[in-house]
Amino acid sequence: MEPKKQPYPEPNIPAKFLKPYDPTGTEPRIYEEWLDQGYFNPDKLPERHKEPFSVVLPPPNVTGILHMGSAFMIALEDTMVRYARMRGKKTLWIPGTDHAAIATQAKVENILYKEEGKRRHDLGREELLRRIDAFANQSHDSIVNQIKALGASVDWSREAFTLDEKRNLAVRTAFKRMYDDGLIYRGYRIVNWDPKGQTTISDDEIVHTEGTGTLYTFKYSKDFPISIATTRPETKVGDVAVAVHPDDARYKQFIDKKYDLDFAGTKLHIQIVGDEAVSPEFGTGAVGVTPAHSHIDWEIAERHKLPVIPVINEYAKMTVDSPVVKDKKVADARASVVEWLKTQGLLEKEEKVPQSLATAERTGGIVEPLPKLQWFVNVNKPIASRDNKTLKDLMREAVSPDGISILPERFERVYKNWIDNLRDWCISRQIWYGHRIPVWYKGAEIYCDIVAPSDEGWKQDEDTLDTWFSSGLWTFSTLGWPNEKEFAAHRMYHPTTVLETGYDIIFFWVARMILMSTYLLGEIPFKTVYLHGLVRDEKGQKISKSLGNNIDPVDMAKKYGADAVRMGLIIGTGPGNDSKVGENKIKGYKNFSNKLWNITRFVLSSTEGVSIDRSFSAWSADDKKLIEELDALLREAAKEMDEYKLHLVGEKLYAYIWHDFADIILEASKPILSSESDADKASRKQLLLHILERCVRALHPFMPFVTEEIWKDIPLSPATLKKPLIIEAWPI
RNA sequence: GCGCCCUUAGCUCAGUUGGUAGAGCAGCUCAUUUACACUGAGAAGGUCGGGGGUUCAAGUCCCUCAGGGCGCACCA
């Protein structure tokens, strides 16, 4: 054998290795090959894949394009799924998109207004829905292409949409079952009203922002015995009571007394009630009770059977027939009432207090609590078919050592805390895009069913459902439920193995899936919840349109390769923590792809004519030790993969391949390969091939493209049938 | 108010049963028809936010303080 100093270019290795690795040219081609091979579909996997491993892709909203956060999620999930597949699991990863009701409709309405100056009612329900569908379809197509560009090994034959026919049947079926069990009811109750979006929203869709308010202390009238304090004087025209703590010595003697009085141009009938909810220390220790426009007051009113007087309408305007406030916007009405109090000499004190403002997540509108007739999910009703447990009970019990575990663990407490504070879930929305409520009315009659009543004269409820209602069914609506035959064929995949998603939707989505699955199926929807954090920019700022700091993951993939994007996202961030990602980090992993590429070039050109001999045993002492070291590292990595510590494994493989294999082992091989000892040379050639082969297999879940491309040229022994790397076994 | 997280090299972060401090990037010195410049070698750089405690041993466990971030509930 000649000393290893050959002129460039070297002969007899595949020509592609003589150039730097080209992800842009390679990745789309490899993805096409995977699609042709069909192994994304578990039904097409070879015999050895038996034990199911199933994941649902958190469906991206059809509101636009994917961002770095979605890419992070896809990278994590694809790495988990590919690892499981190589481990011989029967892997099913279901892709889909989310209609995201309010978000999508708001987006299209914005465009409509900007481009045509029209509002939703100018178009009407049918035409607006047509526009939204067109927008959603377009958005869907680009999202699908983006998912593909990132290398996701999802089963496209099972792709779902939260608003398609099958999911609609699932929604109607779930609604009907809950309605029949009394878990869904229609009620006149105080709800969160978004005047900007003109719809109700759930408690979870409220975003509190810090601000300053003014706390006004005053009396309703000169001869009223108690002073009250409030930050919303304008609502006081809707007061029906003053609540004090039952043991408060200052006010005890007034409890149950009633007063008729004139306030800001309207008549009030105020009853004094004693209620434990009132804190004697705050303000004057007395609360003016406005049942129609405060959640707490509503509850006080319920306890004391007080009347409800709405004074604010859906446009956040005052409705009370008083010259002081009539037809004014709430903010103006507040000023008017304060002015009135001053002129009457009733205002005792004004002080600035910190106050948080409730705004709607999607529209930014200031949320106004209003009483309305809406549909709710009762979370406190005992369910006969579930041992008289309530939905709250089912949700709480699902997260336990033998049920669902959440990673990182600390989120289990966050989840339980949320359940403890959970109120009935308002599910009806006054928007057009979404699942129509499967309820029909004829006069005073109400009819709920999966299909419309056949006889004449019924009118379907105009409202649609909270988008999370359909998302809650996702783990099983994507597996065919409620179609018995289809679901039976997929029964093995439920509960799904792991749910990987962002911690920001633990309440919206994770909790709702647990609710739906435990109630409808009597089983948990998944065994493990892996929560990832927010992807921020290099400076740690939240990625947002206004900052213009969004990096398009697909642009990055085009520039540096999806493999590099995936590594850049995964490495350096444990579950539950936010991460900072910039272009430089991704670039670094592109260099790594090329490093591996050149390692391959060196190994192939140094081992010409040799193929991998799995039963090789004539190892030199050094080589035997090196093999053992790598095996130890891989065993550790396997353990960490099973514990979902992907960031550690990725880093470990990177460090080993670059700094052990390339920097040390390859360099040390040069003198050995040009030495006199045939035995040492034979051993070293086998070593180089063995290590390369193991590294490529181990790295595949993280960097699927470059590894699959290298794999094609790894010289397995001629007797071995080479399968695509995607279904090869992970080493160790 | 209740609760959670973060504070480790200039920057970004790893570091899970407690056992002599790690990586990437940046910077510094050197090498250069080399498998790879999308490179290599080397050196430098940290009292692991402050204080206290437990322990033979603490970045790691406990208490406390400070700064930053977040979630929930909102005192009207």
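In what follows, every chain begins at residue 1, and chains take the letters A, B, ... in the order their sequences are listed.
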- In whole Å, what separates the C1' atom of B/rG40 from that of B/rU8? 29 Å
- Can you tell me the distance, in whole Å, between the CG atom of A/Asp297 and the C1' atom of B/rA76? 7 Å
- Query: A/Lys585 NZ to B/rU12 P: how many Å, rounded?
  - Reply: 12 Å
- Message: Once you apply a heavy-atom cut-off of 4.0 Å, does A/Ile228 come out as touching a base, just sugar-phosphate, or nothing?
- Response: nothing
- Whole angstrom value for the distance that separates P of B/rA14 from CG of A/Leu646: 15 Å
- Using atom P of each nucleotide, how far apart are B/rG53 and B/rC11 to the nearest Å? 31 Å
- Item | Euclidean distance, atom NZ of residue A/Lys645 to atom P of B/rA23 [Å, nearest integer] | 21 Å
- Mind checking whether A/Gln271 and A/Tyr259 have side chains closer than 4.5 Å, heavy atoms only? no
- Would you mind telling me which of B/rA14, B/rA76, B/rC4 lies closest to the side-chain atoms of A/Lys236? B/rA76
- Do NZ/NE/NH1/NH2 and the carboxylate oxygens of A/Lys236 and A/Glu234 come within less than 4.0 Å? no
Which atom pairs, donor and acceptor, lie under 3.5 Å between side-chain atoms of residues 208-219 of chain A and protein residues at least two apart or in another chain?
{"residue": "A/Thr209", "atom": "OG1", "partner": "A/Leu357", "partner atom": "O", "Å": "3.4"}
{"residue": "A/Thr214", "atom": "OG1", "partner": "A/Lys352", "partner atom": "NZ", "Å": "3.2"}

- Establish, yes or no, whether the cationic atom of A/Arg512 lies under 6.0 Å from the six-membered ring centre of A/Trp425 and within 45° of the ring axis. yes
- Message: Would you measure the distance from the C1' atom in B/rG15 across to the matching atom in B/rU60 and give it in whole Å?
- Response: 9 Å
- Task: Report the distance from atom CG of A/Asp642 to atom C1' of B/rU16, rounded to the nearest whole Å.
- Result: 16 Å
- Expressed in whole Å, how much space separates the C1' atoms belonging to B/rG10 and B/rG52? 31 Å
- Message: Donor-acceptor check, side chain of A/His293 to backbone of A/Ile312, threshold 3.5 angstrom: yes or no?
- Response: yes
- Nearest-Å distance for atom pair CZ/C1', residues A/Arg334 and B/rA76: 13 Å
- Task: Using atom CD1 of A/Ile657 as one end and atom C1' of B/rA35 as the other, report the distance to the nearest whole Å.
- Result: 15 Å
- Note on the structure: Closest heavy-atom pair, A/Arg232 versus A/Arg334, reported as atoms and distance to 0.1 Å, is NE-NH2, 3.6 Å
- Query: Can you tell me how far C1' in B/rU16 sits from the matching atom in B/rA9, rounded to whole Å?
  - Reply: 24 Å
- Would A/Lys639 and A/Asp642 pass as an ion pair if we require N to O under 4.0 Å? no
- So, are A/Asp424 and A/Arg189 salt-bridged, with charged N and O less than 4.0 Å apart? yes
- Task: Report yes if at least one side-chain N or O of A/His647 is closer than 4.0 Å to OP1 or OP2 of B/rG15; otherwise report no.
- Result: yes
- Task: Taking only the side-chain nitrogens and oxygens of A/Lys652, find out if one of them lies under 4.0 Å from OP1 or OP2 of B/rA23.
- Result: no
- Item | Whole-angstrom distance between B/rG49 and B/rG24, as gauged at atom P | 22 Å
- Task: Side-chain contact test, heavy atoms from C-beta onward, threshold under 4.5 Å: evaluate it for A/Asp578 versus A/Val535 and give yes or no.
- Result: no
- Message: Classify A/Gly588 by what it touches in the nucleic acid, base, sugar-phosphate, or nothing, heavy-atom distance under 4.0 Å.
- Response: nothing
- Where does RNA chain B form stems of at least three consecutive Watson-Crick or G-U wobble pairs, each pair having both distances below 3.5 Å? B:1-7 with B:66-72, B:10-13 with B:22-25, B:28-31 with B:39-42, B:49-53 with B:61-65
- Take nucleotides 67-75 of chain B nucleotide by nucleotide from the 5' end and write B, S or -, depending on whether a protein heavy atom sits under 4.0 Å from the base, only from the sugar-phosphate, or from neither. ----SS-BB
- Query: Hey, what's the ring geometry for A/Trp340 with A/Phe263, parallel, tilted or perpendicular (30° and 60° as the breaks)?
  - Reply: perpendicular
- Over how many whole Å does the gap from A/Ile406 atom CD1 to B/rC4 atom P extend? 16 Å
- Summary of protein contacts for nucleotides 38-43 of chain B, nucleotide by nucleotide, where a base hit scores B, a sugar-phosphate-only hit scores S (4.0 Å, heavy atoms): BSSS--
- Task: List for me each residue that meets salt bridge (charged side-chain N to carboxylate O under 4.0 Å, His left out) alongside A/Arg362, sequence neighbours excluded, and say none if there are none.
- Result: none
- Message: Going by the rule salt bridge (charged side-chain N to carboxylate O under 4.0 Å, His left out), which residues pair with A/Arg303 if we only count those two or more places apart in sequence or in a different chain?
- Response: A/Asp275
